[in-house]
Amino acid sequence: MRADYKELDTTKTYLITGAAGFIDYFLAKRLLEQGCRVICIDNLNDYYDVSLKQARLEKLMQTKSSGIFTFLKGDISDKDMVNTAFSKYKPHIVVNLAAQAGVRYSIENPDAYIQSNIIGFYNILEACRHSYDQADNQHSNYQGVEHLVYASSSSVYGANKKVPFSEGDFVDNPVSLYAATKKSNELMAYTYSHLYNIPAIGLRFFTV
Ligand SMILES: NC(=O)c1ccc[n+]([C@@H]2O[C@H](COP(=O)([O-])OP(=O)(O)OC[C@H]3O[C@@H](n4cnc5c(N)ncnc54)[C@H](O)[C@@H]3O)[C@@H](O)[C@H]2O)c1
């Protein structure tokens, strides 16, 4: 994996959703340290202690680097906000990590999963699709989004008995709404990738 860091293109603009979150913060920090331009969107929701998220953001703002950090407080289910961010900052690489996480929480709060994980991710896919409309050879050489990376989850393996799990395993039996939204994200990304040639990779994180 180290080799990937060496190959990181610091001329690109990276848009990360959920950057005040746990995994997200470390990614943003690493990109900034490498000298990248990083645009972060987070709604700073109170699923867990907001002061922890604010502390991460403060650290990102203080990260000594040649990179440029921009924070946008917003919700990815807000289509106008997402579109404005894409139009203004023209990201080359998009990393969607913002999501309503947690399996147990989804029993009591199903709305949050549909809002963030389904509508929010759909807005990101649409913005990636329409980034190609903004491709501008003459002025900025911007060709639209070059890569979309998004968080899926090991929860898509559901109650599968076969271990170790593998990407090729059957994952059509999610056992929580959270898992169903993550599996849906994989299907949505596949379709957008197929229809609009958006290079996309989903990462099935286990417990990080
Ligand atoms: N941490 C793990 O072990 C793990 C395991 C599997 C999958 N994942 C996935 O990886 C991603 C990152 O996980 P994490 O542990 O860093 O989570 P996290 O909860 O710490 O971070 C998510 C961030 O996204 C923000 N967010 C949530 N909904 C949003 C919305 N609608 N608009 C804007 N911002 C929003 C939250 O405020 C939070 O700061 C998530 O998609 C999660 O489902 C994580």
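For ligands, and for the atoms within them, numbers begin at 1 and follow the listed sequence. Index from 1, following the sequence.
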Asker: Same hydrophobic cluster for Tyr192 and Leu187, using side-chain heavy-atom links shorter than 4.5 Å among ILVMFWY?
Answerer: no
Asker: To which protein heavy atom is atom 11 (C) of ligand 1 closest, and what is the distance rounded to 0.1 Å?
Answerer: Leu97 O, 3.2 Å
Asker: For Ala151, take its heavy atoms, then give the atoms of ligand 1 lying under 4.0 Å from any of them.
Answerer: 9 (C), 10 (O), 11 (C), 41 (O)
Asker: Who gets closest to atom 6 (C) of ligand 1 by heavy atom: Phe121, Tyr113, Phe205?
Answerer: Phe205
Asker: Check for a donor-acceptor pair, side chain of Ser106 on one end and backbone N or O of Val103 on the other, with a separation under 3.5 Å.
Answerer: yes
Asker: State if Tyr48 counts as touching ligand 1 under the rule of any non-hydrogen atom under 4.0 Å.
Answerer: yes
Asker: How far is atom 32 (N) of ligand 1 from the closest protein heavy atom, and which atom is that?
Answerer: Ile76 N, 3.0 Å
Asker: Once rounded to the nearest 0.5 Å, what's the spacing between atom CD of Glu167 and atom CZ of Arg204?
Answerer: 7.0 Å
Asker: Could you tell me whether Asp75 and ligand 1 have an N or O pair separated by under 3.5 Å?
Answerer: yes
Asker: Is a donor on one side and an acceptor on the other found under 3.5 Å between the side chain of Lys182 and the backbone of Ala151?
Answerer: yes
Asker: So is Lys53 actually on top of Tyr48's ring, under 6.0 Å and inside 45° of the axis?
Answerer: yes
Asker: Within less than 4.0 angstrom of ligand 1, does Lys182 place any heavy atom?
Answerer: yes
Asker: Is any side-chain heavy atom of Lys183 less than 4.5 Å from a side-chain heavy atom of Val171?
Answerer: yes
Asker: Which residue holds the protein heavy atom closest to atom 5 (C) of ligand 1, what is that atom called, and what is the gap in Å?
Answerer: Phe206 O, 3.1 Å
Asker: For ligand 1, which part of Lys53 has a heavy atom less than 4.0 Å away: the side chain, the backbone, both, or neither?
Answerer: side chain
Asker: To check your reading of the model: name the closest protein heavy atom to atom 39 (O) of ligand 1, its residue, and the distance in Å.
Answerer: Asp42 OD2, 2.7 Å
Asker: Check whether any N or O atom of Phe22, backbone or side chain, sits under 3.5 Å from an N or O atom of ligand 1, and answer yes or no.
Answerer: yes
Asker: Can you check which of Asn43, Asp24, Val50 brings a heavy atom nearest to atom 35 (C) of ligand 1?
Answerer: Asn43
Asker: Distance-only, no hydrogens or angles: does the Thr17 side chain make a donor-acceptor pair with backbone N or O of Ala98 under 3.5 Å?
Answerer: yes
Asker: Please determine whether any non-hydrogen atom of Tyr178 lies less than 4.0 Å from an atom of ligand 1.
Answerer: yes
Asker: Tell me whether Ile16 is reachable from Leu203 by hopping between hydrophobic residues (I, L, V, M, F, W, Y) whose side-chain heavy atoms are closer than 4.5 Å.
Answerer: yes
Asker: Where the closest heavy atom to atom 31 (N) of ligand 1 is concerned, which of Ser152, Gly21, Ser116, Gly74 has it?
Answerer: Ser116
Asker: Within less than 4.0 angstrom of ligand 1, does Leu44 place any heavy atom?
Answerer: yes
Asker: Write out the residue and atom name of the closest protein heavy atom to atom 44 (C) of ligand 1, then the distance separating them to 0.1 Å.
Answerer: Ile23 CD1, 3.8 Å
Asker: Taking the side chain as every heavy atom from C-beta outward, state whether Ile76 and Asn123 have any atom pair closer than 4.5 Å.
Answerer: no
Asker: Answer whether the closest heavy-atom distance between the side chains of Tyr14 and Leu8 falls below 4.5 Å.
Answerer: yes
Asker: Is Leu27 linked to Met61 within one hydrophobic cluster, defined over Ile, Leu, Val, Met, Phe, Trp and Tyr using a side-chain heavy-atom separation of less than 4.5 Å?
Answerer: yes
Asker: Check if Ala20 has a non-hydrogen atom at a distance under 4.0 Å from any atom of ligand 1.
Answerer: yes
Asker: What atoms of ligand 1 come within less than 4.0 Å of a heavy atom belonging to Thr207?
Answerer: 3 (O)
Asker: Note the single closest protein heavy atom to atom 3 (O) of ligand 1, along with its residue, its atom name and the distance in Å.
Answerer: Val208 N, 2.6 Å
Asker: Within the 4.5 Å heavy-atom criterion, are Thr10 and Cys36 side-chain neighbours or not?
Answerer: yes
Asker: Taking the six-membered ring for Trp and the single ring otherwise, decide whether the centroids of Tyr196 and Tyr132 are under 6.0 Å apart.
Answerer: no
Asker: Against heavy atoms of Asn45, which atoms of ligand 1 measure under 4.0 Å?
Answerer: 26 (N), 27 (C), 28 (N), 36 (C), 37 (O)
Asker: Quick check: does Ile41 get an N/O under 3.5 Å from an N/O on ligand 1?
Answerer: no
